[in-house]
Structure formats: structure tokens, C-alpha cells
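Below: the structure, in C-alpha cells.
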2 protein chains.
Amino acid sequence: MSEPLELPVIQSQRAERTDAARNRERILGAARRLFDERGPSCVSMDEIADAAGVGKGTLFRRFGSRAALATAVLSENEAELQEGFIRGEPPLGPGAPPRERLIAFGCARLDLLDAHAELIAAGEVAGAHLDSEPYAASRLHVALLLREIDPACDAEVLADTLMASLSAGLFLYQRDARQAGLERLKGAWQVLVEGALKAEQVQPV
Amino acid sequence: MSEPLELPVIQSQRAERTDAARNRERILGAARRLFDERGPSCVSMDEIADAAGVGKGTLFRRFGSRAALATAVLSENEAELQEGFIRGEPPLGPGAPPRERLIAFGCARLDLLDAHAELIAAGEVAGAHLDSEPYAASRLHVALLLREIDPACDAEVLADTLMASLSAGLFLYQRDARQAGLERLKGAWQVLVEGALKAEQVQPV
DNA sequence: CTACTAAACGGACCACGGTCCAGTTGTCTG
DNA sequence: CAGACAACTGGACCGTGGTCCGTTTAGTAG
């Protein structure tokens with residue numbers, strides 16, 4: 001029974017060691033720079049580890065997977081969007097009618113995709129992003145707005161369903177293979193949201 | 001049972017060599033069996049090649065990628081769905097109003113996902129499915145129905161956008177992580193389609 | 001300062017998807 | 001039947017994402 005009786009309940013985790021923190025910053029910096037210079041699909045994890053002056057094991061210990069690293073690199077931009085719909089000006093932020101806020105949310109997300117689609121797509125491998133913190137925040141926001149529009153609707157499922165049309169994989173395809181510009185995509189989102197929950201329900205099939 | 005096509009279009013390519021045809025069948029058979037026995041994510045391409053009694057090079061020469069092989073294994077089921085909405089009974093087939101056909105299409109697709117989600121997901125890696133023949137057929141079908149509902153709408157983009165909510169990755173997540181049953185998903189699809197193009201348009205933002 | 005321990009480290013290692021190419025084989029032509 | 005050639009073949013090979021584990025080090029207690 002060499003167990004110390006500290007009961008460190010409050011301090012859930014021990015603080016990050018200083019060398020660990022330093023390496024985390026190095027990795028994020030190197031990844032951001034390389035992704036930006038050559039595009040995410042042309043940078044391997046080995047290269048990032050080398051550029052950061054860190055072993056591969058360290059890289060994966062910190063971030064777990066390539067997709068998670070991409071998400072972490074993007075977290076700054078995601079946080080900005082999040083800030084916008086939580087505390088920003090209407091119509092994105094509080095104050096506007098929920099339907100307008102929902103449209104504004106989609107447009108903001110599409111702007112983010114327009115700027116960082118490849119990187120966001122790198123985080124969408126095998127549905128990994130669906131478990132990420134930024135996705136959860138967006139989904140919650142969308143679900144709350146939907147519930148505000150119609151308290152009786154299945155907001156949870158509808159939120160995921162709507163968010164699927166804002167995925168980076170789809171965006172890249174529509175932009176590159178189908179030559180659809182940002183404005184058309186925003187238009188489609190608007191049509192979708194304008195209609196959702198507006199029609200009288202029919203019997204389930 | 002892929003019966004020989006009666007009209008060999010223009011015979012643009014030399015006919016498939018008999019040994020090549022035999023190997024193709026062997027590969028498809030082995031892949032179908034292994035995927036079915038252990039789940040697609042637990043079967044490597046090496047194993048499929050071995051089980052088919054074929055070299056790895058042959059496997060990739062035939063099918064190009066793991067995603068394409070998964071799609072090929074599914075082609076029979078996809079063709080069935082396709083047959084259903086082209087020549088089947090209403091409301092899926094011709095005869096019903098376009099909106100009802102669209103709802104029926106989504107439900108049929110969700111039934112297909114319910115039966116083969118893992119396999120379909122294996123074909124959705126890196127947006128590969130968006131270039132596949134079955135996807136193109138479905139997208140065309142959806143776009144035609146949308147145009148029928150509203151000739152002025154942006155049917156192309158809306159079709160891709162709507163189809164995104166029927167992706168296998170999303171289905172698996174909603175089913176496994178969110179515990180959403182088939183009926184709820186069908187309900188969300190219905191809400192989406194009921195509303196689309198019904199609301200009066202507002203000014204683009 | 002020394003002793004101790006949990007955490008962090010890094011690079012060898014692994015399995016996988018995918019490529020390459022030298023050799024083989026089916027098919028067509030004369 | 002022989003000769004020629006395109007198509008097919010298989011397995012060695014490669015780079016990648018991800019894991020493992022023996023070693024090092026930051027932080028702490030005495």
C-alpha cells in the first residue's frame with residue numbers, strides 16, 4: 001500500500017510537462033507550415049515529425065492520428081466560427097430569428113470550407129470528425145436552432161443530416177469536379193433550410 | 001450472374017481475355033465471401049488476392065483500389081435499387097408525383113444502407129464514390145425529380161447536397177454512436193424533402 | 001544534492017494499400 | 001502451324017499511418 005493518500009480529485013490531470021508543451025507547439029507549428037506550403041495531402045507524418053525535431057512516437061502520442069492533427073491545426077479557425085455563432089452579431093449570433101441564424105451558420109461554414117477545405121477534409125477521414133469537439137459544438141448549435149423553429153422536430157437527427165451537406169469532402173467535389181461556386185452552394189443550403197420544417201408533415205412511409 | 005450484354009455497344013475495346021474474365025470472377029467471389037464473413041474492415045487486399053488464388057498486381061489491375069473493389073462487390077445490389085427507381089412500381093418507380101418518388105428513393109437507399117452500410121462505407125474513402133457509376137445514376141435521378149418539382153431550381157447542386165445525407169459514413173455514425181434507428185432517419189429524410197423547394201425563396205445573402 | 005517515479009521520448013518495427021516490371025499466355029494473322 | 005504482339009500475370013518492392021517498448025528526463029520529496 002504505497003499509495004499516496006492525496007486524492008487529487010480536483011486536479012483531474014497533472015499539468016503538462018514543460019518539455020511536452022514545448023514539443024506540442026513545435027509539432028503544431030511545423031504541421032501548420034508544411035500543410036500550408038504544400039497542401040495537406042502532400043505532407044507525411046514522418047516529415048512533420050522531422051520538421052518539428054521530434055520522434056514519430058511523440059507525434060502520435062500527442063495527436064493520436066493524422067486526422068486529429070489536422071483538426072488540431074484548424075482549431076483556431078473553428079474557434080473563431082464558434083465564437084461567431086455563440087457571441088457574435090446577428091444574423092449569425094443571438095438576436096436574429098432561428099431560421100436566419102441557421103442560414104448564416106451554413107454560409108459561415110461554407111466560407112471556412114472555401115478557405116481551408118483540404119485541411120478540413122484531412123480531418124474527415126473515416127468519420128473521425130464526427131467525434132471531434134468542434135463538430136459537437138456545431139451540431140449542438142444547429143440542433144438548438146432547429147428545436148427553436150419547431151419544438152416537436154427530431155432535432156438531433158436533423159442536425160447531423162443537415163451538417164452532412166456542409167462536409168469538406170462534398171465541398172471539394174462540388175467545387176473541383178462540378179465547378180460549383182461558393183454562391184451556388186450557399187444558395188442550396190438556403191433552399192434546404194428555408195424548407196426544412198415548413199411543410200405540413202405527411203404520414204411516415 | 002452478369003449476363004453478356006446483347007449489344008456490345010461499339011466494341012470500343014477488345015473483348016476481355018478469358019483468363020482475365022475468370023480471374024475477375026474469382027476475385028469478386030473471394031471478396032464477397034471474405035467481406036461477408038469478417039466485415040470489410042477486417043479483410044486486407046492481400047488476403048483477398050490469396051483467397052482468389054491470384055497475385056496482388058492482378059487484383060489492382062482489375063479494380064484499381066480497395067474502394068472500387070467494394071463498390072464492384074455491391075454493384076448487384078446497387079443495380080437492384082436502380083432498376084427499382086427506373087422501371088419499378090410507384091411510388092419508387094414512374095407514376096407517382098416527384099416529391100413522393102424522392103421520399104421513396106431515400107427510404108430505399110436507407111434500406112440498402114441498413115443491409116450493407118459497412119461495405120458501402122468501404123467504397124466511400126476519400127470521396128471515391130462520388131465518381132462511381134452508381135452514384136452518378138442516383139444523382140441524375142434525384143436531379144431530374146428536383147427539376148420536375150421546380151424547373152427553376154439548382155437541381156445539380158441540390159442533388160449532391162441531398163445525397164450527402166444518405167452517405168454510409170453518416171449512417172454508421174447515426175446508427176452506432178447516436179443510436180438512431182432506421183425509422184428516425186427515414187423521417188429526417190422525409191422532412192428534408194417535404195420542405196425542399198416548397199418555401200418561398202428569399203434574397204440570397 | 002541525491003534518489004525516485006511517472007511521464008515523455010524516439011526510432012525500430014509492422015501491416016497495409018498501391019506500384020512496377022520482367023516474364024507468361026491468350027489470341028489473332030498469315 | 002508458327003510468329004508476333006498485346007494483354008495479362010504475380011510477387012518483390014515502396015511509402016505511409018500507426019504501434020511498441022527500452023531509454024531518458026522533468027519534477028518532487030527528503
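Any value given below was found using the heavy atoms of this structure, including those in side chains, with hydrogens, waters and symmetry copies removed. Letters A, B, ... mirror the listed sequences (proteins, then strands); counts begin at 1.
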Check this one for me: any side-chain N or O of [X] less than 4.0 Å away from OP1 or OP2 of [N]?
X       : N      : result
B:Asn23 : D:dC8  : no
B:Arg17 : D:dA7  : no
A:Thr58 : C:dG10 : yes
A:Thr18 : D:dG27 : yes
A:Arg62 : C:dA8  : yes

In whole Å, what is the span from the [atom1] atom of [X] to the [atom2] atom of [N]?
X       : N      : atom1 : atom2 : value
A:Glu47 : D:dG15 : CD    : C1'   : 10 Å
B:Leu69 : C:dC16 : CG    : P     : 15 Å
A:Asp19 : D:dT25 : CG    : P     : 10 Å
B:Phe60 : D:dG11 : CZ    : P     : 15 Å
A:Arg22 : D:dT25 : CZ    : P     : 11 Å
B:Arg61 : C:dC21 : CZ    : P     : 14 Å
A:Arg24 : C:dA7  : CZ    : P     : 16 Å
B:Ile48 : D:dG11 : CD1   : P     : 17 Å

Look at B:Arg184 together with A:Glu156 and state whether they make a salt bridge at an N to O cut-off of under 4.0 Å.
-> no
Are side-chain heavy atoms of B:His141 and B:Leu144 found at a separation under 4.5 Å?
-> no
So do the side chains of B:Leu146 and B:Asp154 get within less than 4.5 Å of each other, counting heavy atoms only?
-> no
Could you check whether the rings of B:Tyr173 and A:Tyr135 sit parallel, tilted or perpendicular, using 30° and 60° as the cut-offs?
-> perpendicular
How long is the span from the CG atom in B:Leu69 to the CZ atom in B:Arg32, to the nearest 0.5 Å?
-> 9.5 Å
For DNA chain D, whose closest nucleotide is more 5', that of B:Gly55 or that of A:Val43?
-> B:Gly55
